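Only a predicted model underlies this, so the values are computations on that prediction, with no experimental measurement involved.
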Amino acid sequence: MRVPPVAGFLLVPGRPAWQRTARVVAALVLATNVGYCLSVFLLPRSADGYSTLWEGWVYTTASILPAVLAAIRAVVDRRATAAIWLVTAGVALNCAGNSVYTYYDQNLDPVPFPAWSDAPWLASYVALAAGLIVVAQRNTGHEHRAVRLDGLVIGLAAGAAAVALWFDTILAQTGGLASVVVGLAYPIFDLVFVVVIVAGLAPIGFRPDWSTGALMAGAALFALGDVIYLRQVAADTYRPATVLELTWVVGMVLYGFAPWLPSRRRQRDENPGDGVATVVPAVAAMMALAIVALGVSGLVPELATWLAITAIAAVLVRARITIRELRLANEGFRLARTDDLTGLLNRRGFGEEADRRLAAGTRPPALLMIDLNGFKEVNDSLGHASGDHLLTVVAARLARALPPDAVVARLGGDEFGVVSAGDRVTLKATVEAIQGCLGPPIRLDSTRVRVTASVGVAVSPHDGGTRDELIRAADVAMYEAKRNQLPVAWYSADRDPHTRDRLVLIDELRSAIEERAFTMHFQPSFSVRTGAVVGMEALIRWNHPIRGMVPPDEFIPLAERVGLIPAITRAALELSVQQLAILLAGGHSLGLSVNISALDLVDDDLPAYIAQTLAAVGVPPERLTLEITETALCGDPARAEHTLGALRAGGMRISIDDFGVGYASLSQLLRLPLDELKIDRSFVTAVDRDRKAQAVLGATVELGRTLGLEVVAEGVETEEELAEVTRRGVDVAQGYLLSRPLPGDELARFLASRALVPTNSETS
Ligand code: C2E
Ligand code: CA
Ligand code: CA
């Protein structure tokens, strides 16, 4: 049968017989002991102070009952600890000593010293001291060594004080060797009691649980009684049955009840009462110093001096340990919040700083996420050492440039974070400082690189009330900045892909992929030289059940972010290749351009899939051009090179889309297998008037010519732009001026109607 544990004060759940017994014994303990105590006050004894009834029967019974009470607990509690058994034994032995003294020793004349009763008495002190040590040990737990030493310091100092005050009288008492040994044993045990009690209590801030408290109070009363007793014996003033008797009686009762009182296991993180626990060791140390000083003058016994010296030694050891622990804790605190490479705060430190400012509430903070552009490229091409150097330089510049109340942290990789005051003026200064300090080129080995960054800003409380919300919002804004190649973007819930609307949209996009709810529009492109349609670019549209035709700008970036691109690319490819096959079969000779995303470059199956799709409808691969934006290439140049190489090996053409706004380096372009540069619309718009656009256009044409690449101008909207583009030597033009993107059948009609009019090549 499983025995439930003993629950608390005089409670033995599930064992009513034992519980009743415990209660009866407890009542008897109180009755006899209180009765005896009252008798001391109320019933004067005869001249020798000894009454057979009270000092004999009642006192003996009163002192054995606590032992019985403690024993019951030890027997019924299956988790009874060594401490409970030791206390039980101690109380029982003490009672045995009393009995031997009462019924044997004191009838001898003269009463010998040491007497027989001293044997059980001393044994009881051993058991009780052992029990105390066990309890003190348990209460201290796996405390810091420094705190344990506090206990030792205080215990030793208290011992030294006790010896200084009382030992001389005790020594004066002693006669022969046996009497010296036994006579010394009691006060030494009492000293042990004091040391153990104080040493055990100090680490727990002198706040013991009830059980420990009762035990220690009992021991303290015993020590007190013994000391007074010895003084009285020395002064020959001792009489039995006085108030002194009560110290032992009450001590015994406390011992008997102690195992039944609530005890708790110390919790590890409990703070050992700051006030007392720090003041008391200091006072103890000073007391020990004073005792040593007195010892030098021979004013206290040698033992007291030695105890005090030991206490001081413990103080020194404690100080050493404390300093080391403090240093470690400090270092640990700092390291846990510092980024190894740059010495800035790390992500944890950043989070805590943000929390601190959010909690302060007075000036709502803003969080800024900074992501370096093209860092990966530096790392890959110049090596990690250069990458690390670049990060250190950037970190130092940011730390120096930021306004005083902005704090910068490195969050990992090439990502930095700033906690700044959230008001417009400070924020503006912060953003400007960030952009400004990155301006000057950084020397790496033999090259100099110019670093730019995309910064996302989120301001509390508008963009988020908690640290996590703000970090996420700033992150979203940062990606927004990157995607649009802006230096800074402020968080806006409208553009957040994770707001509810966007989540719904993602869901709908998933079904759209399953249901193939996409249509392709085709925008023809024209040979600038002949005016003939030489190709068409496939541009995807989503037939949304409610919203109608959704333009790609609204879902392609989203699909890129949630990893839906590969499926969309496949759908677009299939639809447009089918359209191309129809047009080719209808006698039109043109190529097809399809846009692919950065994510497609890590899709190892893509080349084989495209080859298969083309083969299925009998379209030769040379007819297909894959457009990849310059920005997409920068993500993982090595990977891009590999995939584009595989595509080109399959016979497809490769075009760099939006050329001129990305960050591809010339060396990278030279490594890539390319056929076409498609200059970004921003350099075509107003190219007839904009000198800078003209320069870029001219340089691109030059580059294309040097590398043997076809140059395409997209977004041609006016005759002037077309004229300028033509003048600069672009090969192919595309734009609303020439034709808007058209559904497949309309394009077929468009081509058919054009076939009737003579083109430039036929007239010239
Ligand atoms: P893009 O590849 O640069 O495509 C050209 C965009 O410019 C098209 O917008 C086209 O309609 C528009 N456009 C053409 N001529 C002119 C002009 O004269 N003036 C102006 N202002 N715009 C002109 P669209 O169709 O909205 O596509 C936007 C972007 O979406 C594309 O930019 C491309 O990056 C992406 N996209 C479109 N279809 C697909 C696709 O099937 N797959 C992937 N991955 N991306 C696609
Ligand atoms: Ca394109
Ligand atoms: Ca483009």
Side-chain angles (χ1 to χ4, degrees), residues 125-126 128-140 143 145-171 184-208 212-231 247-248 251 254-255 272-296 299-319 322:
Y125 276 60
V126 173
L128 287 172
L132 264 184
I133 290 172
V134 171
V135 169
Q137 194 70 22
R138 185 189 68 196
N139 274 282
T140 325
E143 200 51 75
R145 277 190 300 162
V147 179
R148 280 181 168 227
L149 274 172
D150 271 351
L152 194 63
V153 170
I154 300 166
L156 287 168
V163 171
L165 293 174
W166 302 319
F167 237 62
D168 48 350
T169 41
I170 296 158
L171 286 174
L184 269 178
Y186 287 104
I188 283 177
F189 272 118
D190 288 330
L191 194 62
V192 170
F193 284 176
V194 172
V195 174
V196 172
I197 289 169
V198 181
L201 284 178
I204 52 175
F206 298 91
R207 289 180 313 202
T212 310
L215 207 58
M216 290 184 166
L221 280 172
F222 257 64
L224 179 69
D226 286 351
V227 168
I228 297 172
Y229 171 76
L230 285 167
R231 291 202 88 114
T247 56
W248 296 301
L254 287 171
Y255 281 144
D274 282 340
V276 195
T278 49
V279 171
V280 174
V283 172
M286 259 136 74
M287 197 167 80
L289 273 176
I291 289 172
V292 171
L294 291 173
V296 173
L299 292 174
V300 293
E302 222 170 292
L303 180 58
T305 315
W306 282 115
L307 281 172
I309 287 174
T310 318
I312 289 163
V315 169
L316 295 179
V317 176
R318 197 248 196 254
T322 307

Interatomic distance, Phe189 atom CZ to Leu128 atom CG [nearest 0.5 angstrom]: 10.0 Å
Side-chain donor-acceptor pairs under 3.5 Å in residues 214-230, sequence neighbours left out?
{"from": "Asp226", "atom 1": "OD1", "to": "Tyr125", "atom 2": "OH", "distance (Å)": "3.0"}
{"from": "Asp226", "atom 1": "OD1", "to": "Trp248", "atom 2": "NE1", "distance (Å)": "3.1"}
{"from": "Asp226", "atom 1": "OD2", "to": "Tyr125", "atom 2": "OH", "distance (Å)": "2.4"}

Residue pair Ala308 / Ala160: nearest heavy atoms and the distance that separates them: N-CB, 3.7 Å
For the student: nearest non-hydrogen atoms of Ala288 and Ala311, plus distance: CB-CB, 4.0 Å
Nearest heavy atoms of Met287 and Ala161, plus distance in Å: CE-CB, 3.8 Å
Test side chain to side chain contact (heavy atoms under 4.5 Å, CB included) applied to Thr305 and Ile309, Leu307, Leu303, the passing residue: Ile309
